[in-house]
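Report on one structure; see the data block that follows.
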Amino acid sequence: QVQLVESGGGLVQPGGSLRLSCVASGNIFRVYTMGWYRQAPGKQRELVATITTDGTTNYADSVQDRFTISRDNAKNTVYLQMNSLEPEDTAVYYCNADLRRKLSPTNNYWGQGTQVTVSS
């Protein structure tokens with residue numbers, strides 16, 4: 001069984017910062033691309049950022065220059081450093097990963113989500 005567990009969400013003021021973490025655990029053979037997505041009420045889930053095994057990153061235009069995605073392959077962990085937060089960043093943030101379980105093919109997994117609220 002595989003789990004993706006997010007942490008680090010919360011309530012912050014505009015201009016503030018948060019650092020999200022997501023740990024993949026379980027019967028894992030290898031973790032490939034990992035990423036963060038978010039969904040605000042009444043809106044579609046959207047990509048925030050992704051990072052490949054070798055560190056290649058991709059960001060949504062709305063967060064580029066403010067957010068930084070990184071990973072620790074040894075810990076099967078992905079991070080999202082969020083700076084200069086805006087009310088428009090308010091959403092549930094979901095961790096995503098392509099990974100292989102032992103003796104299984106590659107599949108895609110989602111975390112349960114963590115709430116980020118930016119408000120004064």
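Residue indices begin at 1 and follow the sequence shown. Keep in mind that the numbers below use all heavy atoms, side chains included, and drop hydrogens, waters and symmetry copies.
Contact record, Arg38 with Ala91: CB-CB, 3.8 Å, taken as the closest heavy-atom pair. Across all non-hydrogen atoms, the minimal contact from Met34 to Thr77 is SD-C, 4.4 Å. The shortest non-hydrogen separation linking Leu85 to Arg66 is CA-NH1, 3.9 Å. Residues Leu4 and Ala24 share a closest heavy-atom pair of CD2-CB, 3.3 Å. Residues Asn83 and Ser17 approach most closely at OD1-OG, 2.9 Å, considering heavy atoms. Closest heavy-atom contact between Cys95 and Val78: SG-CG1, 3.8 Å.
Side-chain contact, Gln112 with Glu6: a donor N or O sits under 3.5 Å from an acceptor N or O. Using a 3.5 Å distance cut-off with no hydrogens or angles, the side chains of Asp98 and Thr33 do not pair a donor with an acceptor.
The number of heavy atoms from other shown groups lying within 6.0 Å of CD (Gln3) does not exceed 12. Crowding of Asp54 atom CG: a count of heavy atoms from other residues, nucleotides or ligands under 6.0 Å exceeding 12. More than 12 heavy atoms of other residues, nucleotides or ligands shown are found within 6.0 angstrom of CZ on Arg45.
A distance of 9.5 Å separates CG of Leu47 from OG of Ser62, quoted to the nearest 0.5 Å. Note that CG of Asn58 is 9.0 Å distant from CD1 of Ile69, once rounded to the nearest 0.5 Å. Note: Ser25 OG to Lys75 NZ = 14.5 Å, rounded to the nearest 0.5 Å.
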- Task: Report the C-alpha distance between Leu99 and Asn107 in whole Å, list the side-chain angles of each, state the deciding distance to 0.1 Å, and finish with yes or no for side chain to side chain contact (heavy atoms under 4.5 Å, CB included).
- Result: CA-CA 6 Å; Leu99 63 84; Asn107 212 336; over 6 Å; no
- Message: Does Val5 form a side chain to side chain contact (heavy atoms under 4.5 Å, CB included) with Cys22? I'd like the steps, not just the answer.
- Response: CA-CA 5 Å; Val5 180; Cys22 172; over 6 Å; no
- Please assess Thr106 against Tyr32 for the test side chain to side chain contact (heavy atoms under 4.5 Å, CB included), listing each intermediate value before the final yes or no. CA-CA 9 Å; Thr106 302; Tyr32 301 102; 3.8 Å; yes
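Both Tyr59 and Val48 sit in one connected hydrophobic cluster of ILVMFWY residues. Membership requires side-chain heavy atoms under 4.5 Å apart, directly or through other members. Note: the hydrophobic cluster containing Tyr93 also contains Tyr109 (ILVMFWY, side chain heavy atoms under 4.5 Å, direct or indirect links). Linking Ile, Leu, Val, Met, Phe, Trp and Tyr whenever their side-chain heavy atoms come within less than 4.5 Å puts Leu80 and Val31 in one cluster. Trp36 and Val2 fall within the same hydrophobic cluster, where Ile, Leu, Val, Met, Phe, Trp and Tyr residues are linked whenever their side-chain heavy atoms come under 4.5 Å apart, directly or through other members.
The closest side-chain heavy-atom distance from Asn76 to Arg71 is not below 4.5 Å. Considering only heavy atoms from C-beta on, Thr90 stays 4.5 Å or farther from Val116 through its side chain. Residues Thr117 and Val12 fail the side-chain proximity criterion, which asks for heavy atoms closer than 4.5 Å. With contacts defined as side-chain heavy-atom distances shorter than 4.5 Å, the pair Ser119/Pro87 does not qualify. Taking the side chain as every heavy atom from C-beta outward, Thr50 and Tyr37 approach each other to under 4.5 Å. Side-chain contact between Met82 and Leu20 is present, with at least one heavy-atom pair separated by less than 4.5 Å.
Of the possible polar contacts, one joining the Asn73 side chain to the Thr53 backbone as a donor-acceptor pair under 3.5 Å is found.
Arg19 forms a cation-pi arrangement with Tyr79, by the criterion of a distance under 6.0 Å to the ring centre and an angle within 45° of the ring axis.
Between Tyr94 and Trp110, the angle of the ring planes goes over 60°, which puts this pair in the perpendicular group of the 30/60° scheme.
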